[in-house]
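Remarks on the structure that follows.
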Amino acid sequence: MVSKSSNATRKTVYVLALVAAVLVGAFLAPIVSDAVAPEPDRVAVISVDGYISSYTADQLEEDLTEARENESIKAVVLKVDSPGGSASASERMYLAVNRTAKEMPVVSSVQGMGASGAYYTMLPSDHIYATPSSMVGSVGVRGSQPFPAPSSEIRTGPDKASMTVDQREAQIETLKHAFVGSVMRHRSDELTMSREEVAYAKVYTGARASQNGYVDDIGTMQKAIDHAATEAGLENYEVVEKEPANRFGIFLFGAQNGNSTVVVKESPVGYDGVRAPQFLMVYGQVQYEDEVIGNVSA
């Protein structure tokens with residue numbers, strides 16, 4: 001026969017064990033909850049800032065790859081303030097944006113300037129916003145003048161590191177057709193201008209660009225973020241901004257006969273010892289070490 005004291009002891013032990021289990025469960029519950037809680041939906045803001053170089057293209061490709069691979073990021077907003085730059089780097093950035101736009105909404109917001117190669121970069125966007133006084137357009141290509149070869153130079157072939165004016169102009173014409181063709185492919189439904197007018201390479205204020213179809217609307221950065229979130233079907237979301245990377249070189253802008261001068265500490269239009277011309281999608285004149293680089297416009 002079990003005594004009453006034994007039964008009481010067992011009940012006490014049972015109650016204590018139950019209380020301990022409840023306390024442990026209460027302590028561990030937040031930890032388990034945090035471990036399995038899904039990440040909030042996010043809109044990523046990625047900067048396209050300053051002169052476009054191969055370094056800029058590397059950075060944008062990396063940022064967009066990270067956005068595509070991060071399951072919490074549902075849309076991207078490009079924060080653009082650039083006069084353009086290297087043609088090859090601009091094309092790389094265009095392709096990176098185009099790939100991203102096939103996987104999630106991409107909206108662009110022009111802060112101050114979205115010209116030439118920077119405009120090329122934005123073309124695959126679902127929507128482009130600009131401020132009224134921002135500068136947009138300059139759909140064209142230019143090429144640096146190759147320096148003359150020193151008489152003491154010996155080459156393995158007559159065309160090594162050299163190009164005739166006709167060859168250079170033919171390549172520029174090819175690049176121009178690619179640029180203008182991309183504009184017409186992405187924005188023909190919005191444009192009020194012909195292909196020939198686009199190829200004239202004018203630059204427009206944001207207010208005028210919203211009328212001729214170069215951009216979709218006048219709006220702030222916040223409006224672009226809201227639009228991207230709506231396109232992605234988000235109601236509650238976080239905004240994460242990728243800080244623009246430190247750029248190599250010094251880039252300054254100044255007025256010059258109603259146009260812009262891009263002063264570059266390190267030349268973007270050639271390599272030391274190599275006289276092959278470089279092709280640019282940049283608005284304004286390129287100046288290096290107090291000397292304006294010769295160019296031809298498409």
Side-chain angles (χ1 to χ4, degrees), residues 43 45-53 56 60 76-85 90 93-94 97 106-142 179-180 182-183 186-187 189-194 197-231 239 241-244 247 250-264 280-287 297:
V43 174
V45 175
I46 298 175
S47 294
V48 176
D49 184 64
Y51 181 88
I52 292 175
S53 64
T56 318
L60 184 66
V76 168
V77 174
L78 297 179
K79 184 179 180 182
V80 180
D81 192 358
S82 168
S90 300
M93 293 168 67
Y94 163 84
V97 174
V106 176
V107 176
S108 290
S109 176
V110 181
Q111 301 299 293
M113 184 172 284
S116 206
Y119 186 66
Y120 198 4
T121 298
M122 293 188 291
L123 285 176
S125 303
D126 298 284
H127 210 83
I128 300 176
Y129 286 94
T131 58
S133 60
S134 58
M135 305 299 287
V136 180
S138 188
V139 180
V141 183
R142 54 175 47 166
F179 193 172
V180 175
S182 294
V183 173
H186 289 283
R187 303 211 51 90
D189 291 341
E190 291 78 20
L191 286 172
T192 62
M193 306 168 64
S194 67
E197 289 174 308
V198 171
Y200 198 71
K202 285 186 177 180
V203 67
Y204 304 94
T205 64
R208 181 73 182 102
S210 68
Q211 297 172 349
N212 63 26
Y214 269 55
V215 305
D216 295 290
D217 281 304
I218 295 296
T220 62
M221 184 67 192
Q222 185 57 55
K223 193 168 184 179
I225 292 172
D226 292 342
H227 188 105
T230 300
E231 287 290 319
V239 177
E241 184 164 0
K242 180 74 173 179
E243 291 297 325
R247 304 288 188 244
I250 300 174
F251 309 105
L252 303 173
F253 300 91
Q256 183 174 6
N257 297 326
N259 207 332
S260 296
T261 298
V262 184
V263 182
V264 186
L280 306 176
M281 293 177 179
V282 64
Y283 173 68
Q285 293 177 291
V286 180
Q287 184 171 310
S297 298

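The structure presented is a predicted model; accordingly, all values stated were derived computationally and were not measured.
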Got a donor-acceptor contact below 3.5 angstrom from the [X] side chain to the [Y] backbone?
X: D126; Y: V107; value: no
X: R187; Y: Y214; value: yes
X: S138; Y: S116; value: no
X: T56; Y: V48; value: no

Could you tell me which non-hydrogen atom of [X] sits nearest to which non-hydrogen atom of [Y], and how far apart they are?
X: Q211; Y: T192; result: O-CG2, 3.8 Å
X: T205; Y: P132; result: CB-O, 3.6 Å
X: S82; Y: I52; result: OG-CG1, 3.6 Å
X: S90; Y: G117; result: OG-CA, 3.3 Å
X: V43; Y: A228; result: CG1-CB, 4.4 Å
X: V136; Y: A130; result: CG2-CB, 4.3 Å

Reference residue H186; test side chain to side chain contact (heavy atoms under 4.5 Å, CB included); the match among L191, I128, L123: L123
In the structure I gave you, are the side-chain heavy atoms of K79 and E241 within less than 4.5 Å of one another anywhere? yes
Note, V282 side chain near R142 side chain (heavy atom, < 4.5 Å): yes
Measure the acute angle between the ring planes of H227 and Y129, then classify it against the limits of 30° and 60° as parallel, tilted or perpendicular. perpendicular
Point-to-point distance, once rounded to the nearest 0.5 Å, from NE2 of H127 to CG of D217: 3.5 Å
Please round to the nearest 0.5 Å and tell me the distance separating atom CG of L60 and atom OG1 of T121. 7.0 Å
Check the pair V77, V239 against side-chain contact (heavy atoms from CB on, under 4.5 Å), reporting the backbone distance first and the verdict last. CA-CA 10 Å; V77 174; V239 177; over 6 Å; no
Ring centres under 6.0 Å, that's the criterion: do Y119 and Y283 meet it? no
Tell me which donor-acceptor pairs under 3.5 Å the side chains of residues 108-115 have, and how far apart each pair is, sequence neighbours excluded?
{"residue": "S108", "atom": "OG", "partner": "S125", "partner atom": "OG", "Å": "2.7"}
{"residue": "S109", "atom": "OG", "partner": "Q111", "partner atom": "NE2", "Å": "2.7"}

